[in-house]
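Have a look at the structure below before the remarks.
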Amino acid sequence: MAASLRPAILRHIRLPVRPQGQPVLPSWLSSIRAMSGHGDDHLTREEVVDRVLDVVKSFPKVNPSKVTAEVHFQKDLGLDSLDVVEIVMALEEEFKLEIPDKEADKIDSCPLAIEYIANHPMAG
(Lines give C-alpha, C1' and ligand atoms only; values in the text may rest on other atoms or scores of the structure.)
Protein backbone atom coordinates (compact mmCIF):
# COMPACT_ATOMS: atom_id res chain seq x y z
CA MET A 1 0.00 0.00 0.00
CA ALA A 2 2.72 2.47 0.98
CA ALA A 3 4.58 1.58 -2.23
CA SER A 4 1.77 3.07 -4.30
CA LEU A 5 1.30 6.05 -1.97
CA ARG A 6 4.86 7.25 -2.01
CA PRO A 7 5.10 8.06 -5.77
CA ALA A 8 1.67 9.71 -5.58
CA ILE A 9 2.82 11.91 -2.71
CA LEU A 10 6.07 12.80 -4.40
CA ARG A 11 4.22 13.89 -7.58
CA HIS A 12 2.06 16.32 -5.60
CA ILE A 13 4.58 17.84 -3.23
CA ARG A 14 5.29 21.44 -4.07
CA LEU A 15 8.36 22.97 -2.52
CA PRO A 16 9.19 26.67 -2.60
CA VAL A 17 12.17 27.71 -4.67
CA ARG A 18 15.02 28.84 -2.43
CA PRO A 19 18.43 30.30 -3.09
CA GLN A 20 21.06 27.68 -3.75
CA GLY A 21 22.61 26.24 -0.60
CA GLN A 22 19.51 26.61 1.60
CA PRO A 23 17.76 23.34 2.44
CA VAL A 24 14.08 22.93 1.61
CA LEU A 25 12.47 21.10 4.51
CA PRO A 26 8.92 20.82 5.83
CA SER A 27 8.27 23.36 8.57
CA TRP A 28 7.83 20.66 11.21
CA LEU A 29 11.45 19.56 10.64
CA SER A 30 12.83 22.89 11.82
CA SER A 31 13.06 21.68 15.42
CA ILE A 32 15.24 18.71 14.49
CA ARG A 33 18.92 19.22 15.10
CA ALA A 34 21.16 19.82 12.11
CA MET A 35 22.39 16.89 10.10
CA SER A 36 25.52 15.23 11.33
CA GLY A 37 28.84 16.58 10.16
CA HIS A 38 30.81 13.43 10.86
CA GLY A 39 32.26 13.23 7.36
CA ASP A 40 33.28 9.65 6.65
CA ASP A 41 32.72 8.45 10.22
CA HIS A 42 29.83 6.04 10.57
CA LEU A 43 27.16 6.92 13.09
CA THR A 44 26.97 5.06 16.37
CA ARG A 45 23.79 3.15 17.09
CA GLU A 46 23.05 5.55 19.95
CA GLU A 47 23.27 8.54 17.57
CA VAL A 48 20.92 6.81 15.15
CA VAL A 49 18.42 6.02 17.91
CA ASP A 50 18.46 9.61 19.22
CA ARG A 51 18.00 11.14 15.79
CA VAL A 52 15.27 8.70 14.68
CA LEU A 53 13.35 9.41 17.90
CA ASP A 54 13.79 13.17 17.37
CA VAL A 55 12.33 12.92 13.86
CA VAL A 56 9.34 10.87 15.03
CA LYS A 57 8.71 13.12 18.05
CA SER A 58 8.76 16.17 15.76
CA PHE A 59 6.02 14.81 13.51
CA PRO A 60 2.87 16.94 14.05
CA LYS A 61 0.45 14.04 14.58
CA VAL A 62 2.62 12.33 17.21
CA ASN A 63 2.43 12.74 20.97
CA PRO A 64 6.16 12.92 21.83
CA SER A 65 5.60 11.27 25.22
CA LYS A 66 4.51 8.04 23.46
CA VAL A 67 7.66 7.74 21.33
CA THR A 68 10.20 5.10 22.34
CA ALA A 69 12.78 3.08 20.46
CA GLU A 70 10.26 0.22 20.30
CA VAL A 71 7.20 2.10 19.02
CA HIS A 72 5.20 0.96 15.96
CA PHE A 73 4.00 3.88 13.86
CA GLN A 74 0.47 2.63 13.17
CA LYS A 75 -0.31 0.35 16.12
CA ASP A 76 1.19 2.48 18.90
CA LEU A 77 1.02 6.02 17.49
CA GLY A 78 -2.18 5.70 15.43
CA LEU A 79 -0.58 7.00 12.25
CA ASP A 80 -1.96 6.08 8.84
CA SER A 81 0.09 4.80 5.90
CA LEU A 82 0.47 8.29 4.43
CA ASP A 83 1.92 9.53 7.74
CA VAL A 84 4.38 6.64 7.75
CA VAL A 85 5.55 7.60 4.25
CA GLU A 86 6.09 11.17 5.47
CA ILE A 87 8.12 9.96 8.45
CA VAL A 88 10.30 7.79 6.21
CA MET A 89 10.85 10.78 3.93
CA ALA A 90 11.83 12.89 6.95
CA LEU A 91 14.29 10.17 7.99
CA GLU A 92 15.80 10.28 4.51
CA GLU A 93 16.31 14.03 4.90
CA GLU A 94 17.74 13.73 8.42
CA PHE A 95 20.26 11.04 7.50
CA LYS A 96 20.99 12.20 3.93
CA LEU A 97 19.77 8.89 2.50
CA GLU A 98 17.59 7.72 -0.31
CA ILE A 99 15.74 4.65 0.88
CA PRO A 100 14.50 2.50 -2.03
CA ASP A 101 10.70 2.10 -2.15
CA LYS A 102 10.93 -1.64 -1.47
CA GLU A 103 12.87 -0.98 1.74
CA ALA A 104 10.84 2.10 2.71
CA ASP A 105 7.63 0.04 2.58
CA LYS A 106 9.05 -2.27 5.27
CA ILE A 107 9.85 0.54 7.72
CA ASP A 108 6.76 0.74 9.91
CA SER A 109 8.34 1.15 13.34
CA CYS A 110 11.24 2.77 15.14
CA PRO A 111 13.14 -0.53 15.52
CA LEU A 112 13.03 -1.13 11.75
CA ALA A 113 14.02 2.47 10.97
CA ILE A 114 16.89 2.32 13.46
CA GLU A 115 18.08 -1.03 12.12
CA TYR A 116 18.01 0.09 8.49
CA ILE A 117 19.80 3.38 9.14
CA ALA A 118 22.36 1.95 11.58
CA ASN A 119 23.35 -0.63 8.97
CA HIS A 120 23.41 1.78 6.03
CA PRO A 121 27.01 2.73 5.15
CA MET A 122 26.03 6.16 3.77
CA ALA A 123 23.96 7.36 6.74
CA GLY A 124 25.26 10.72 7.86
Which distance, rounded to the nearest 0.5 Å, do you find between the [atom1] of [X] and the [atom2] of [Y]?
| X | Y | atom1 | atom2 | answer |
| --- | --- | --- | --- | --- |
| Lys61 | Phe73 | NZ | CZ | 14.5 Å |
| Leu112 | Ile117 | CG | CD1 | 11.0 Å |
| Glu98 | Glu93 | CD | CD | 10.5 Å |

Exercise. Just by modelled atom types, is the Asp80 backbone N or O under 3.5 Å from a matching donor or acceptor in the Asp83 side chain?
Worked result: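 Confirmed, Asp83 side chain pairs with Asp80 backbone.
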
Problem set entry | Glu47 side chain vs Thr44 backbone, donor-acceptor pair below 3.5 Å |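 Yes: the side chain of Glu47 pairs with the backbone of Thr44.
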
Would you say the side chain of [Y] lies within less than 4.5 Å of the side chain of [X], judging by non-hydrogen atoms?
| X | Y | value |
| --- | --- | --- |
| Lys66 | Val71 | no |
| Cys110 | Glu70 | no |
| Ile107 | Glu103 | no |
| Lys57 | Val62 | no |

For this session: Go through the steps for Asp54 and Glu94 under the test side-chain contact (heavy atoms from CB on, under 4.5 Å), then give the verdict.
Result: CA-CA 10 Å; Asp54 285 347; Glu94 172 68 15; over 6 Å; no

For this session: Determine, stepwise, if the pair Leu79 / Phe59 fulfils side-chain contact (heavy atoms from CB on, under 4.5 Å).
Result: CA-CA 10 Å; Leu79 299 176; Phe59 193 71; 4.1 Å; yes

Where do [X] and [Y] come nearest, in terms of heavy atoms and distance?
| X | Y | value |
| --- | --- | --- |
| Ala118 | Arg45 | CB-NH1, 3.6 Å |
| Val56 | Ile87 | CG2-CG2, 4.2 Å |
| Ala90 | Val55 | CB-CG1, 3.7 Å |
| Tyr116 | Ile99 | CE2-CG1, 3.7 Å |
| Leu53 | Thr68 | CD2-O, 3.3 Å |
| Leu91 | Ala113 | CD1-CB, 3.8 Å |

